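Below is one structure, written out as structure tokens; comments come after it.
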Amino acid sequence: MAARKDIDGSASVPAFYGKELRWRRETAGYTLQQVVEGSFYGISYLSEIERGQRRMPEDLARHVDQFLKTDGFFSRGCEDVRKARLDGHAEYFAPVAEAEKRARSIEEWANALIPGLLHTGPYTRAIANTTHPLDLPEMVDSKVRNRLRRGRLFDDPQRPEYWVILHEPLLRSPLLPPGEMAEQLDHVAGLARRRRVVPQILPWNAPVSPFMAQSIKLMEFDDEPPIMYTEGPYSGQVIDDPAIVKRYRKAYDRLRAAALPSEASLDLIESTAEELRNGTQRD
């Protein structure tokens, strides 16, 4: 049996409540299974809450308060954890950023922007300045820091497995000056050379019009159902209906089949970066 890890309750607000939950549960002499009985959640879900890896849903907090007779302690804490979990992200995106850390695999189709996990600072800053032109400089700086922190997911040499399909026009996006765009492409190529991401380029003239208006992000986990996420500039939607996720799964597979092989895609990314650097890019 693997040794149980201690919880550092000072690490974050969710860790604080997770540690408190474990202490109160064990002090009362209950197992994880006993606590979740009568709720809609499993023991792995509750275990992740105890380790500060998930926030506790309000309905589960009410159930725990009633079961452990904690007089509303965890229900009152839900709002603190929710705010902490935002971690600088938009509220609609915070659960997705949380899920990225648990994902076994992430696959994305990028129709309009390079996905956030692959951003350089200038790319994030350009998007923030375009979509939120009234944000103060310190607000933009915070968004850049948070975005780059998400990218550190790839510091883990093995997990998650990450595939991305980029629409070819993204490589020559006018969002950044050519030199900074070249650095953005270098960053993607560097991650690919380290074998942390697998990029594929979908040619500009590929017949995929049904998907041009929508990004796709598919995530799979070890012990929870897969989800699909899509977003626009000011909103996002998580889909967890298995039948619908399966349809998006098939759609993504068709996109992948239409995309260039990974090695050819990487060559195209690197040659485009070179063209941008040298001012020899095609019109």
Side-chain angles (χ1 to χ4, degrees), residues 88-90 93 97 100 106-133 135 137 139-155 162-206 208 211-217 230-234 236 255-256 258-283:
H89 300 298
F93 186 76
E100 287 174 343
I106 301 175
E107 295 165 285
E108 301 205 63
W109 152 240
N111 63 322
L113 294 169
I114 290 175
L117 285 170
L118 302 175
H119 281 190
T120 59
Y123 198 88
T124 298
R125 188 177 300 280
I127 294 173
N129 287 335
T130 301
T131 56
H132 298 84
D135 278 2
M139 297 167 71
V140 175
D141 290 344
S142 175
K143 289 177 180 177
V144 171
R145 286 195 298 273
N146 291 331
R147 189 65 55 86
L148 297 182
R149 187 162 58 235
R150 277 180 61 210
R152 291 207 288 270
L153 198 66
F154 298 123
D155 289 349
Y162 183 88
W163 292 69
V164 60
I165 304 171
L166 302 171
H167 200 214
E168 185 178 359
L170 293 181
L171 303 186
R172 299 179 178 84
S173 169
L175 190 65
L176 291 176
E180 291 185 345
M181 192 63 207
E183 292 176 1
Q184 172 62 71
L185 298 184
D186 286 343
H187 179 62
V188 176
L191 289 169
R193 291 294 178 196
R194 285 171 44 205
R195 302 175 62 188
R196 280 308 287 117
V197 311
V198 181
Q200 286 186 266
I201 303 301
L202 187 74
W204 66 271
N205 57 352
V208 293
F211 304 104
M212 289 313 301
Q214 186 179 32
S215 63
I216 297 174
K217 184 188 192 84
T230 186
E231 70 177 4
Y234 308 109
L255 285 170
R256 177 180 285 173
L260 299 177
S262 57
E263 280 303 320
S265 297
L266 181 53
D267 289 344
L268 181 57
I269 292 169
E270 292 180 326
S271 63
T272 303
E274 199 61 26
E275 291 171 3
L276 289 167
R277 237 185 315 273
N278 298 330
T280 58
Q281 66 269 26
R282 291 171 280 163
D283 293 330

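The structure presented is a predicted model; accordingly, all values stated were derived computationally and were not measured.
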Handout entry: Gap separating the CD1 atom of Ile165 from the CG atom of Leu170, nearest 0.5 angstrom
Key = 12.0 Å
Exercise for the section: Determine whether Met139 and His132 make a side-chain contact, defined as any pair of heavy atoms from C-beta on separated by less than 4.5 Å. Expected result: no
Practice task
State the OG1-CD distance between Thr120 and Gln184, to the nearest 0.5 angstrom.
Solution key: 4.0 Å
Handout entry: Counterpart residues, side-chain contact (heavy atoms from CB on, under 4.5 Å), relative to Thr230 (two or more places apart)
Key = Gln214, Ser215, Met228, Gln237
Problem - Exercise: identify the closest heavy-atom pair between Trp109 and Leu202 - result: CH2-CD2, 3.6 Å
Exercise for the section: Would you indicate whether the side-chain heavy atoms of Arg150 and Phe93 approach each other to under 4.5 Å? Expected result: yes
Exercise for the section: Could you tell me whether Arg194 atom CZ has more than 12 heavy atoms of other residues or ligands within 6.0 Å of it? Expected result: yes
Handout entry: Audit row: Ser265, Gln200, side-chain hydrogen bond (donor to acceptor under 3.5 Å, both in side chains) steps and yes/no
Key = CA-CA 5 Å; Ser265 297; Gln200 286 186 266; 5.4 Å; no
Practice task
Please round to the nearest 0.5 Å and tell me the distance separating atom CG of Leu113 and atom OG of Ser173.
Solution key: 7.5 Å
Donor-acceptor pairs under 3.5 Å, side chain of residues 185-192 to any protein atom, not counting sequence neighbours: which ones?
residue : atom : partner : partner atom : Å
Asp186  : OD1  : Arg277  : NH2          : 3.4
Asp186  : OD2  : Arg277  : NH1          : 2.6

Practice task
Check whether any side-chain heavy atom of Tyr123 lies under 4.5 Å from a side-chain heavy atom of Leu118, and answer yes or no.
Solution key: no
Practice task
Mark yes or no for whether Glu168, through its side chain, and Ile201, through its backbone, hold a donor-acceptor pair below 3.5 Å.
Solution key: no
Practice task
Could you grab the distance from atom CD of Glu183 to atom CG of Leu176, nearest 0.5 Å is fine?
Solution key: 9.0 Å
Handout entry: Nearest atoms (heavy-atom pairs only) where Gly121 meets Leu148
Key = N-CD2, 3.7 Å
Exercise for the section: Kindly compute the distance separating CG (Leu276) from CE (Met181), expressed to the nearest 0.5 Å. Expected result: 7.0 Å
Exercise for the section: Give every residue pair that meets the salt bridge (Lys or Arg N to Asp or Glu O under 4.0 Å) criterion with at least one member in residues 108-133, sequence neighbours excluded. Expected result: Glu108-Lys217, Arg125-Asp141
Exercise for the section: Over all heavy atoms of both residues, which pair between Ala258 and Pro203 is shortest? Give the atoms and the distance, please. Expected result: O-CD, 3.8 Å
Completion exercise
To the nearest 0.5 Å, atom CD of Glu100 lies from atom CG of Leu117 at 4.0 Å
